[in-house]
**Student:** 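This is the structure I want to talk about, given as structure tokens.
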Number of protein chains: 2
Amino acid sequence: MVDNLTVPSPETEIPEEISGLRMTRQRREVYRILLQDRDHPTANDVFLRVKDALPSISLATVYNCLEALVQHGIVRQVNFERESSRFCPNVAEHGHFHDRSTGVIHDITFKPGVNLSDFLELPAGAVVTDIELTLRGQLGSI
Amino acid sequence: MVDNLTVPSPETEIPEEISGLRMTRQRREVYRILLQDRDHPTANDVFLRVKDALPSISLATVYNCLEALVQHGIVRQVNFERESSRFCPNVAEHGHFHDRSTGVIHDITFKPGVNLSDFLELPAGAVVTDIELTLRGQLGSI
DNA sequence: CCAATATCAAGAACTATTCTAAATTGGTTT
DNA sequence: AAACCAATTTAGAATAGTTCTTGATATTGG
Ligand SMILES: [Mn+2]
Ligand SMILES: [Mn+2]
Ligand SMILES: [Zn+2]
Ligand SMILES: [Zn+2]
């Protein structure tokens, strides 16, 4: 039961406007797809899924919507190596664990109270505003 | 004075073969460029710099050489967001701090003795084989 | 209702990277 | 040395994800 209080549940009504971004039909459906299966889909994945609700939507519009959602801090864009970007409705600070055997991507959080300088040798005077952490491996090593 | 014992100094003679990879003229010069300025250049940066020594080298060859060096564990490929890949001769485990004001990329290391599970809530049974960590911010906040 | 503005759709353009195929190289065998 | 062979290099074409351009459509507010 993976659940995170910083993400609205899929059943919640999506309002007219979020963080100053007007929720058009397309943006709403794109966002709903992200809330529905939190599996970090690519833009193309979202495009294929959103066609059920909006059969005439274009891939360009999916990109536009994702970009608008990201720029307003409603959605996070996640990059693994050189792969297609993936999108995540969890905007709380978190990293990712990529299970190599199943391909599943798990959100991981920092333990409460830990500080970057507790475990990293940072350059003197470094002020960190953004953290990106990706782990790769397996769950239950065979 | 940033220096790391896991990286050969630029003056060191590069041998005929490293980790089973024959050092051709092109591979040697590409590797030498990476050792010379440890500023995480892109493939194109390397291409431009290596032309001094090998004016007829092609960009495809630079990509080939970098790929060979990476696959033999001699060089690390580093990706930031959707930017061009960058290349780093430091193959010890390390992360990166990207200074937003200067654009400079600093290697950062984990403090000795720290364990991932000390500061992360990992999924049960996760076996981590690879870590990618990027911090962004500024040095000396103005 | 009209005008201004925002958004969307379709396809072209862009760019980093990879692929293809032919030429070159370097080492090995005759 | 000459012929041979495999590995490497080269140039340019192809690819794929993403962004851009442009005209159509929708929404807002007066
Ligand atoms: Mn996918
Ligand atoms: Mn550069
Ligand atoms: Zn996530
Ligand atoms: Zn590095």
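Treat the numbers as computed from the prediction; the structure is a model and nothing was measured. Below, read A as the first sequence line, B as the second, and so on, with proteins coming before strands; counting in each chain starts at 1.
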**Student:** Does A:Asp39 pair with A:Arg49 as a salt bridge, N-O distance under 4.0 Å?
**Tutor:**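 Salt bridge: yes.
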**Student:** What residues in residues 60-81 of chain B put a non-hydrogen atom under 4.0 Å from any atom of DNA chain D?
**Tutor:**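 Heavy-atom cutoff 4.0 Å gives B:Ala60, B:Thr61, B:Asn64.
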**Student:** Quick one: CD1 on B:Ile108 to CG on A:Leu116, what's the gap to the nearest 0.5 Å?
**Tutor:**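 Here the rounded value is 8.0 Å.
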**Student:** Mind calculating the distance between CG (B:Leu48) and P (C:dA16) to the nearest angstrom?
**Tutor:**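 Atom-to-atom, B:Leu48 to C:dA16, this comes out as 12 Å.
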**Student:** In whole Å, I'd like the distance from the CD atom of A:Glu83 to the P atom of D:dT18.
**Tutor:**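 Interatomic distance, CD of A:Glu83 to P of D:dT18: 11 Å.
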**Student:** Taking C-beta and beyond as the side chain, do B:Thr24 and B:Arg27 meet within less than 4.5 Å on heavy atoms?
**Tutor:**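 Yes, side chains in contact.
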**Student:** Quickly work out the B:Glu16 CD to D:dT8 P distance and round it to whole Å.
**Tutor:**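 Computing the B:Glu16:CD to D:dT8:P distance gives 13 Å.
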**Student:** Rounded off to whole Å, could you give me the CZ-to-P distance for the A:Phe47 and D:dA16 pair?
**Tutor:**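 Interatomic distance, CZ of A:Phe47 to P of D:dA16: 16 Å.
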**Student:** Before giving the answer on side-chain hydrogen bond (donor to acceptor under 3.5 Å, both in side chains), spell out for B:His40 and B:Asp45 the whole-Å C-alpha distance, their side-chain angles and the decisive distance to 0.1 Å.
**Tutor:** CA-CA 9 Å; B:His40 301 83; B:Asp45 292 336; over 6 Å; no
**Student:** Partners of A:Gln77 by side-chain hydrogen bond (donor to acceptor under 3.5 Å, both in side chains), sequence neighbours excluded?
**Tutor:**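 Result, side-chain hydrogen bond (donor to acceptor under 3.5 Å, both in side chains) vs A:Gln77: A:Ser85.
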**Student:** Nearest-Å distance, CD1 (A:Ile57) to C1' (D:dT25)?
**Tutor:**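 Computing the A:Ile57:CD1 to D:dT25:C1' distance gives 14 Å.
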**Student:** Specify the separation, in whole Å, of atom CG of B:Asp45 and atom P of C:dA16.
**Tutor:**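 B:Asp45 atom CG is separated from C:dA16 atom P by 11 Å.
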**Student:** Which whole-number value in Å describes the distance from A:Leu59 CG to D:dT19 P?
**Tutor:**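 In whole Å, D:dT19 P lies 11 Å from A:Leu59 CG.
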**Student:** Which ones in residues 20-36 of chain A lie close to DNA chain C, meaning a heavy atom under 4.0 Å from one of its atoms?
**Tutor:**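 DNA chain C contact set from residues 20-36 of chain A: A:Arg22, A:Thr24, A:Gln26, A:Arg27.
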**Student:** Using 4.0 Å as the upper bound for N to carboxylate O, is an ion pair formed by A:Asp107 and A:Arg38?
**Tutor:**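 A salt bridge is present here (some side-chain N lies under 4.0 Å from a carboxylate O).
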**Student:** So, B:Asn44 and B:Thr42: side-chain donor and acceptor under 3.5 Å apart, yes or no?
**Tutor:**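 Judged by distance alone, the side chains do not pair up.
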**Student:** Over 60° means perpendicular and under 30° means parallel, so tell me whether B:Phe80 and B:His96 are parallel, tilted or perpendicular.
**Tutor:**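 Perpendicular, since the angle between the ring planes exceeds 60°.
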**Student:** Does a side-chain N or O from A:Ser84 land closer than 4.0 Å to OP1 or OP2 of D:dA16, or not?
**Tutor:**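 Answer is no, no contact under 4.0 Å.
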**Student:** Figure out the CG/P separation between A:Asn44 and D:dG17, and round it to whole Å.
**Tutor:**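 Distance check: A:Asn44 CG to D:dG17 P gives 7 Å.
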**Student:** Hey, mind stepping through B:Glu81 and B:Arg136 against salt bridge (Lys or Arg N to Asp or Glu O under 4.0 Å) and telling me if it holds?
**Tutor:** CA-CA 11 Å; B:Glu81 319 257 279; B:Arg136 255 169 293 268; 3.3 Å; yes
